[in-house]
Amino acid sequence: MAKAHESVHGKGRLALPDLVDGLLADGLVPAAEADKFKQERRYFRGDIHPLIVVAGQRWKSEQPPHRVLDLEALTQWLAQWAGLDYFHIDPLKINFTAVTDVMSSAYATRFRILPVEVKAHEVVIATAEPFDRSWEAELKPILKKEIRRVISNPEDIARYQVEFYNLAKSVKGALGRGDIASTGVSNFEQLVELGKGKSSLDANDQHVVLIVDWLWQYAFEQRASDIHVEQRRDLGIVRFRIDGVLHQVYQIPMPVLNAMTSRIKILGRMDVVEKRRPQDGRIKTRTPAGMEVELRLSTLPTAFGEKLVMRIFDPEVLVRDFTDLGFGDDDRSRWQQMTGQPNGIILVTGPTGSGKTTTLYTTLKHLATPEVNVCTLEDPIEMIEPSFNQVQVLNDIGMTFAEGIRALMRQDPDIIMVGEIRDLETADMAIQAALTGHLVLSTLHTNDAPSAITRLLDLGVPAYLLQSTLLGVMAQRLVRTLCPKCKQAGGLRAEDEDSWNTLVAPWKANKPATLYHPVGCLDCRMTGYQGRLGLYEILLMSPEVKKTVTAHADLSKLKEVALREGMHPLRIAGAKKIGAGLTTIEEVLKVAPPAQS
C-alpha cells in the first residue's frame with residue numbers, strides 16, 4: 001500500500017481530492033468513477049468529513065474480495081495510508097470519566113479529536129484528521145504525558161464526543177461536583193472519594209436519569225441479555241451478559257450507583273426504601289430504534305449493598321421460528337409430534353439460562369390460536385403476551401404452583417404451562433391436569449432428557465402415572481454461534497481430532513472436512529461469536545421406553561433404550577452444528593454434558 005505523500009502531510013485538514021487520489025493510487029476505486037466524482041464539485045463543499053462523503057458513494061473495492069468501501073473500511077485504509085494505528089471506539093471498553101478529564105468538550109469538538117485511553121505515561125487520542133497536528137504541541141505540555149494519535153471513524157468520534165462528555169458531566173453533576181475543572185486524569189478517583197461522604201442522591205435528578213437511559217441504550221445496542229449493577233467496597237460495577245458471557249463494562253462512584261438503583265426501582269414500582277430483602281419488578285421501555293423492550297428486575301441484599309439485575313426480554317423471541325432457535329428438521333418433527341397431542345405432559349429440562357423459557361414461549365405462541373385457551377403459571381412472569389392468560393405465583397398468600405394448577409383447571413383451559421415442577425404436590429397436580437384432558441408443558445432442572453424421568457420417580461410420582469401421561473422430554477443447551485462475517489475455514493488439526501473424538505465418544509461420527517474458527521470483527525465485538533442457538537435432545541415416550549419406566553428404573557438402561565428409539569444426545573446435536581459451520585468444538589464441550597454422564 002502506498003503511503004501518503006509528503007505534500008499531503010503539510011496540508012492540515014484532510015482534503016477530499018487528496019483522499020480520492022490516495023484510493024486511486026492504491027487501486028481501490030475504479031478510475032472512471034473516481035474521475036467523474038472529482039468533476040462534480042458539489043461533493044467538495046460543506047464541512048462533512050471526506051471519508052463520509054466517499055463512503056456515501058458505496059464504491060466496491062477493486063481489490064479482492066471486492067467488498068463495499070463503507071466508512072469503517074475506509075477508516076482502516078486511512079490509518080494504513082497515514083502510517084498510524086486504527087482504533088475502533090468501543091464505549092464498553094472506555095473509562096469515560098478518565099478520558100473526558102484529559103481535555104474540555106469544546107477543545108475536543110474544535111479539533112475533532114477524542115481521548116480514548118489514559119495510561120501512566122501516555123494518552124491515546126483518536127482523530128480522523130491524520131495530518132492536522134496543530135493541537136498536539138499545545139496539549140502535550142499541559143498533560144505532561146506522551147500523546148499517541150490513532151485513526152478512528154469520524155462518525156464515532158462526533159457521536160462519542162457528545163455522549164462521553166454528557167455522561168461524565170452527569171456523573172459529576174450527580175455528585176454535586178458539576179463545576180469540577182479538568183485538573184488531571186486522577187479526577188475519577190477523586191470523584192469516588194468525594195462521593196463517599198454523600199449518603200444519598202435524588203433518584204429523579206436529571207443527571208441520574210441521563211445515566212440510566214444511557215446504560216440501557218448501550219445494553220440494547222450491544223445485544224445484552226442481562227445488566228448487572230453490583231456494589232463493591234468503594235466502587236459500583238456494571239456488567240453486561242452478551243451471548244452468555246459476562247463483560248465488566250463500567251465503574252461508577254457508589255453514590256451515583258445508589259441513585260441509579262433507586263431510579264430503576266421507582267420505574268419498576270418497587271419499594272425504594274426496603275433494601276433488606278429481595279424484590280422483583282418490571283419495566284417497559286423502548287430501544288433507540290423505537291422497539292418496545294421489557295426489563296425484568298431483581299434486587300438482592302449483599303455485603304456491600306443492593307445488587308440489581310435487569311433481564312432484557314426481546315419481544316422478537318415470540319415471533320421466531322423453530323429454525324431460528326436451532327431446531328433441525330428431525331428435532332422440529334419430534335417436538336411437533338409431542339406438542340400436537342391433545343393431552344399429556346411435556347417437559348423441557350436444562351440448567352438456568354439454557355433457553356427453556358424461550359422454547360416454551362415460542363411453542364405456546366404457535367399453539368395459541370383463537371380456538372384454544374392457553375394459561376400459564378409462572379414465578380415470575382417472564383414476558384407479557386396478550387394471547388396467553390398468565391398467572392403469577394404468590395407463595396406469600398398461598399398461591400403456589402400446585403394451588404395455581406388447581407385453580408386453572410376450573411378455568412376451562414386447553415393448554416397449561418407450569419413454570420417449573422419443584423415438588424411432588426406440583427407434579428401430582430400437573431399429572432391430574434394431564435389425566436383430565438389437558439396438555440401440560442413444564443420445566444425441570446436435569447442434565448439430560450432421560451434423567452427427568454428418574455427425577456420425577458425420585459420425587460415420588462408413581463411409574464404407572466408417568467407411563468400414561470408423559471409424552472416426552474426435551475433437554476436443551478445454548479451454544480454461541482460463530483460470527484458469519486469473520487469466521488474462518490480450516491482443516492482439522494491434531495488437537496481438533498482429539499477434541500472431536502472426546503465430543504462424540506462413545507459413538508463414531510464422521511469428522512467434518514472443514515472446521516470453522518472464530519476470528520473477531522467489529523460486528524461481533526472482536527469475540528468471533530455472534531448470537532446463540534439451541535442444542536436439543538428429544539426423548540419420545542415410545543412403547544419401548546415406557547417399558548423401562550418402573551419404580552426402580554435404571555437410568556443407564558433408560559438411556560440405552562431412548563438412543564435405540566432415535567434420541568440424539570446433546571453432544572451429537574452439537575457435532576451436527578459444528579459440521580454445518582455454525583459453532584466450534586470448544587463451545588459444545590463447554591455446555592453439553594458427556595453422553596454417559
Side-chain angles (χ1 to χ4, degrees), residues 242-246 325-331 334 348-356 359 444-455 473-484 486-520 524 527-539 554-597:
I242 303 170
D243 293 335
V245 179
L246 274 172
L325 298 181
F327 278 76
D329 293 338
D330 184 55
D331 294 331
R334 291 165 72 85
V348 181
T349 80
T352 302
S354 59
K356 300 187 298 296
T359 299
L444 272 179
H445 291 286
T446 60
N447 272 344
D448 54 28
S451 298
I453 296 174
T454 56
R455 174 66 56 83
V473 185
M474 181 171 74
Q476 70 174 77
R477 297 291 190 279
L478 289 179
V479 64
R480 289 195 296 173
T481 51
L482 287 163
C483 174
C486 67
K487 66 181 181 181
Q488 194 171 66
L492 262 74
R493 301 162 299 191
E495 57 267 32
D496 292 330
E497 294 209 15
D498 292 340
S499 298
W500 178 265
N501 292 332
T502 301
L503 177 71
V504 300
W507 296 278
K508 300 292 182 186
N510 293 330
K511 301 182 184 73
T514 304
L515 276 183
Y516 286 85
H517 304 282
V519 176
C524 61
T527 63
Y529 296 93
Q530 189 174 46
R532 291 188 290 175
L533 52 74
L535 305 180
Y536 303 98
E537 174 183 280
I538 302 177
L539 165 62
D554 180 14
L555 182 57
S556 59
K557 176 67 174 175
L558 190 56
K559 287 183 180 181
E560 182 185 328
V561 174
L563 292 168
R564 206 163 52 230
E565 291 291 296
M567 182 186 81
H568 299 295
L570 286 165
R571 286 197 171 184
I572 296 300
K576 290 180 181 178
K577 298 288 192 289
I578 294 164
L582 297 173
T583 189
T584 61
I585 297 174
E586 294 76 20
E587 283 299 307
V588 176
L589 286 172
K590 267 189 216 172
V591 301
Q596 296 300 326
S597 66

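The shown structure was predicted, so the numbers you read here are calculated from the model rather than taken from an experiment.
- Considering OG1 of T454 and CG of L558, their distance stands at 7.0 Å, rounded to 0.5 Å.
- Residue L482 holds its CG atom at 6.0 Å from NZ of K487, rounded to the nearest 0.5 Å.
- Summarising the geometry of E537 relative to L570, their closest heavy-atom pair is OE1-N, 3.2 Å, with the distance given to 0.1 Å.
- Across all their heavy atoms, W507 and L563 have their closest contact at CZ2-CD1, 3.5 Å.
- What you find for P450 and M567 is that their closest heavy atoms are CG-CE, 3.9 Å.
- Here the shortest heavy-atom pairing between A573 and Y536 reads CB-O, 3.6 Å.
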Handout entry: Audit row: W500, I578, side chain to side chain contact (heavy atoms under 4.5 Å, CB included) steps and yes/no
Key = CA-CA 10 Å; W500 178 265; I578 294 164; 4.1 Å; yes
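- Once rounded to the nearest 0.5 Å, the distance linking CG of L555 with CG of D448 reads 6.5 Å.
- The closest side-chain heavy-atom distance from H517 to T584 is not below 4.5 Å.
- Taken to the nearest 0.5 Å, the NZ atom of K511 stands 5.0 Å off from the CG atom of N501.
- Remark: E587 CD to L582 CG distance equals 12.5 Å, nearest 0.5 Å.
- Side-chain contact between L478 and V591 is absent, with no heavy atoms from C-beta onward closer than 4.5 Å.
- Q476 approaches P351 most closely through the heavy-atom pair O-CD, 4.4 Å.
- Side-chain N or O atoms of K577 include none that pairs as donor or acceptor with a backbone N or O of L535 at under 3.5 Å.
- Among all heavy-atom pairs drawn from R480 and T583, the shortest one is O-OG1, 2.7 Å.
- Under a 3.5 Å cut-off, the side chain of T481 and the backbone N or O of L533 do not form any donor-acceptor pair.
- The shortest distance between side-chain heavy atoms of H568 and D330 falls below 4.5 Å.
- Side-chain contact between D554 and S556: present, with at least one pair of heavy atoms (C-beta onward) separated by less than 4.5 Å.
- Screening P518, P484, C486 against Q530 for a side chain to side chain contact (heavy atoms under 4.5 Å, CB included) leaves a single residue, P484.
- With contacts defined as side-chain heavy-atom distances shorter than 4.5 Å, the pair N447/R477 qualifies.
- Taking 4.0 Å as the cut-off between side-chain N and carboxylate O, R564 and E560 count as a salt-bridged pair.
- The CG atom of L503 sits 12.5 Å away from the CG atom of D498 when rounded to the nearest 0.5 Å.
- Taking the side chain as every heavy atom from C-beta outward, T349 and R455 never approach each other to under 4.5 Å.
- No side-chain heavy atom of V473 sits less than 4.5 Å from a side-chain heavy atom of T446.
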